[in-house]
Amino acid sequence: LWTEPAGWSYEGREWPLRGARFAPGPVTREGRRHPNVIIGGEGKPRSLRLAAIYADEYNVVSARPETAGGIYERLAEACRVASRDAQSVTRSAMTGVLVAETEGELLDRVHDLRAFMGGGESDPDAWLAERRDRWIMGTPDEALERVTAFERAGVQRMVLQDFSPRDLDMVKLLGSALVGA
């Protein structure tokens, strides 16, 4: 339906589709009539092959800057095999985010987040340590440093997972620290 004109029909084995209409349709860009196709994963061969053939964007999940660059190199090779320009695939990364003005405020946010997620009984320091190398985490300067490391690894777009949706102060802090930078 993304690429067919209104009134599209299909006679399937189980179901017929007649006079299909999808409105409003997607905005045409670069001669295409469908939204971005995003394929994500941890850089395994199948997801890279599918991305090289079909995707507009490849999103590395639970990303670390140290591993993202190698994944994008393998994506470039998969694109070469598929006879596609690797630069035509946007490289993105998705990671958790937890930022505060001070280390004490960060620990408070960890406590609030753990209570919200139902895991407040275990050691918050261990929980924090387990995520420090995967998330955008720390003070605004540390967060910006981490985003810069992702950029150096080839990330063109970041998807920040905010697991504290009620913490609007952190969202404001992120906006001033990362977007305003």
Is the shortest side-chain heavy-atom distance between [X] and [Y] below 4.5 Å?
{"X": "V99", "Y": "P140", "value": "yes"}
{"X": "M170", "Y": "D162", "value": "yes"}
{"X": "S62", "Y": "T95", "value": "no"}
{"X": "D56", "Y": "T90", "value": "no"}

Residue list, side-chain contact (heavy atoms from CB on, under 4.5 Å) with [X], at least two apart or on another chain:
{"X": "A6", "result": "R21"}
{"X": "R166", "result": "F116"}
{"X": "V147", "result": "I136, L178"}

Which Ile, Leu, Val, Met, Phe, Trp or Tyr residues join V81 in one cluster when any pair of side-chain heavy atoms under 4.5 Å counts as a link?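 Once heavy-atom contacts under 4.5 Å are chained together, V81 still belongs with nothing else.
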Given a cutoff of under 4.5 Å between side-chain heavy atoms of I, L, V, M, F, W and Y, with clusters grown through shared members, what are the other residues clustered with M94?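 Besides M94, the hydrophobic cluster comprises V61, V159, listed by chain and residue number.
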Ignoring hydrogens and geometry, is there a side-chain-to-backbone donor-acceptor pair from S92 to M158 under 3.5 Å?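 Absent.
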Mark yes or no for whether T139, through its side chain, and T102, through its backbone, hold a donor-acceptor pair below 3.5 Å.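 Side chain of T139 to backbone of T102, a donor-acceptor pair under 3.5 Å: no, none is there.
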Taking ring pair (Phe, Tyr, Trp, His ring centres under 6.0 Å) as the cut-off, I'd like each qualifying pair that reaches into residues 143-167, sequence neighbours left out, listed once.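 Applying ring pair (Phe, Tyr, Trp, His ring centres under 6.0 Å) to every pair that reaches into residues 143-167, excluding sequence neighbours, yields W135-F163.
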Name all pairs fulfilling the ring pair (Phe, Tyr, Trp, His ring centres under 6.0 Å) condition that reach into residues 54-104, sequence neighbours left out, sorted by first residue then second.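 Residue pairs with at least one partner in residues 54-104: there are none.
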Closest heavy-atom contact between [X] and [Y]?
{"X": "S47", "Y": "G40", "answer": "CB-O, 4.2 Å"}
{"X": "G138", "Y": "L106", "answer": "CA-CD2, 3.9 Å"}
{"X": "A63", "Y": "A93", "answer": "CB-CB, 3.7 Å"}
{"X": "S9", "Y": "G19", "answer": "OG-N, 3.3 Å"}

How long is the gap from [atom1] on [X] to [atom2] on [Y], to the nearest 0.5 Å?
{"X": "L98", "Y": "L160", "atom1": "CG", "atom2": "CG", "result": "11.5 Å"}
{"X": "I71", "Y": "N59", "atom1": "CD1", "atom2": "CG", "result": "10.0 Å"}
{"X": "S164", "Y": "L113", "atom1": "OG", "atom2": "CG", "result": "4.0 Å"}
{"X": "L75", "Y": "I39", "atom1": "CG", "atom2": "CD1", "result": "10.0 Å"}
{"X": "R49", "Y": "R74", "atom1": "CZ", "atom2": "CZ", "result": "15.0 Å"}

Identify whether L144 and M137 are in the same connected component of the hydrophobic contact network (ILVMFWY, side-chain heavy atoms under 4.5 Å).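 The answer is yes; both residues are in one hydrophobic cluster.
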Connected via hydrophobic side-chain network under 4.5 Å: V60 and I38: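 They do not share one cluster, since no chain of ILVMFWY contacts under 4.5 Å joins V60 to I38.
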Answer yes or no: does atom CD of E42 have more than 12 heavy-atom neighbours from other residues, nucleotides or ligands under 6.0 Å?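 No, CD of E42 has 12 or fewer neighbouring heavy atoms, counting only those of other groups under 6.0 Å.
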Only pairs at least two apart or in different chains count here, so list each salt bridge (charged side-chain N to carboxylate O under 4.0 Å, His left out) that has a residue in [range].
{"range": "residues 75-84", "value": "E77-R80"}
{"range": "residues 98-109", "value": "E103-R132, R109-D167"}
{"range": "residues 7-18", "value": "E11-R18"}
{"range": "residues 57-66", "value": "E57-R157, R64-D133, E66-R146"}

